Amino acid sequence: MARQTFTAGQVLTAAQMTTLQDNSGLQLVTAETALAAAATLTVDGCFTSSFTNYRIMINATGAATANPVLQLRAAGSTAATNYNRQYIDASSTTVSGGRSTSQTSFDFGYIEADYRNTFIIDVMQPQLAQYTNFYVANNYTSGTSTTNVVWMNICGFHATATAYDGFIITFNTNATGSYVIYGYGK
């Protein structure tokens, strides 16, 4: 849609207001949904032509310390090759980094047992037949004291030019909490 210019004092029509609302900010794709002792989370049909980029937000507590991973899905089939990532990790006073290529999944952080863990995962252009990029701006883990705070910044991509409509997350522990999915307004 072409950019509209408004003037001071102009009264907007209902159609103009609807257009502004539909084309701005984060738009809800999947309402907040509970995770009830789930080892996996499978969401199909969430990536469509309605949006180009998506944000997945997860709040989870694990029964054990584990590394959750994400895989893309197309028509119910899971893509299990060609995931690449690079990360930086800050735990307590230690900072480290690493890289992995040609993996079977996208490792997007870790869950500390009995702590609150927050994941914000941006997925770029998954519904297009090209490489899909991931950016995990935040993986926060916090416990009952400041010594338990962990922060990770992770980026990566899936090196297969395929269109995807969903994803599966394997928590590698029973996780409780919730998730929500947004699309970035065009």
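If you're wondering where the values come from, they're calculated on a predicted model, not measured in any experiment.
If you chain together hydrophobic residues whose side chains sit under 4.5 Å apart, F47 and L128 never meet in one group. In the hydrophobic clustering of ILVMFWY residues, with side-chain heavy atoms under 4.5 Å counting as a link, V43 and V136 come out together.
Considering every non-hydrogen atom in both V180 and A31, the closest pair reads CG2-C, 4.1 Å. A63 and A113 make their closest contact through O-CB, 4.0 Å (heavy atoms, listed as atom of the first residue, atom of the second, distance). Counting all heavy atoms, side chain and backbone alike, T176 lies closest to A36 at CG2-C, 4.4 Å.
No donor-acceptor distance shorter than 3.5 angstrom exists from the side chain of S178 to the backbone of A34, with no hydrogens or angles considered. No donor-acceptor pair closer than 3.5 Å links the side chain of D89 to the backbone N or O of M152. The backbone N or O of A8 lies less than 3.5 Å from no partner atom in the side chain of Q10, so there is not a single donor-acceptor pair. No donor-acceptor pair closer than 3.5 Å links the side chain of Q125 to the backbone N or O of A163. Side-chain N or O atoms of T78 include none that pairs as donor or acceptor with a backbone N or O of G76 at under 3.5 Å. Counting only distance, with no hydrogens or angles, the side chain of N172 and the backbone of N67 share a donor-acceptor pair below 3.5 Å. When atom types are taken as modelled, the side chain of T48 and the backbone of S50 share a donor-acceptor pair closer than 3.5 angstrom. Looking at T170, its side chain never comes within 3.5 Å of a backbone N or O of V69 through a donor-acceptor pair.
Side-chain contact, S105 with Q71: no donor N or O sits under 3.5 Å from an acceptor N or O.
One finds the CG atom of L26 at 9.0 Å from the CZ atom of F51 (value rounded to the nearest 0.5 Å). Considering CG of D165 and CG of L72, their distance stands at 10.0 Å, rounded to 0.5 Å. The CH2 atom of W151 sits 14.5 Å away from atom OG1 of T118, with the distance rounded to the nearest 0.5 Å. Here the straight-line distance linking atom CD1 of I56 with atom CD1 of I181 works out to 5.5 Å at 0.5 Å rounding. Rounding to the nearest 0.5 Å places CG of N84 at 5.5 Å from OG1 of T101. Note that the OH atom of Y54 and the CE atom of M124 stand 13.0 Å from one another [nearest 0.5 Å].
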Apply side-chain contact (heavy atoms from CB on, under 4.5 Å) to the pair I168 and L70, showing each step before the final yes or no.
CA-CA 6 Å; I168 183 170; L70 180 143; over 6 Å; no
For T104 and Y83, what are the C-alpha separation, side-chain angles and deciding distance, and is it a side-chain contact (heavy atoms from CB on, under 4.5 Å)?
CA-CA 6 Å; T104 59; Y83 293 89; 5.7 Å; no
Take I58 and I169 through the test side-chain contact (heavy atoms from CB on, under 4.5 Å) and record every step on the way to the result.
CA-CA 11 Å; I58 303 168; I169 291 176; 3.4 Å; yes
Decide yes or no on side-chain contact (heavy atoms from CB on, under 4.5 Å) for C46 and F167, but give the supporting numbers first.
CA-CA 8 Å; C46 64; F167 63 91; 3.8 Å; yes
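More than 12 heavy atoms of other residues, nucleotides or ligands sit less than 6.0 Å from atom OH of Y184.
Between F106 and F108, the ring planes lie parallel to each other; the angle is under 30°, not in the 30° to 60° tilted range.
Using a 4.5 Å cut-off on side-chain heavy atoms (C-beta onward), F171 and T40 make no contact. Using a 4.5 Å heavy-atom threshold, the side chains of L35 and L41 count as touching.
When each of Y182, Y179, F119 is paired with M57, the side chain to side chain contact (heavy atoms under 4.5 Å, CB included) condition holds for Y182 and for no other. Exactly one of Y164, Y131, F134 qualifies for a ring-ring contact (aromatic ring centres under 6.0 Å, His included) with H158. That residue is Y164. With Y135 as reference, N153 is the one residue of I120, N153, I121, N53 to meet the side chain to side chain contact (heavy atoms under 4.5 Å, CB included) rule.
Under 4.0 Å is where a charged nitrogen must lie from a carboxylate oxygen, and between D107 and R85 at least one such pair does.
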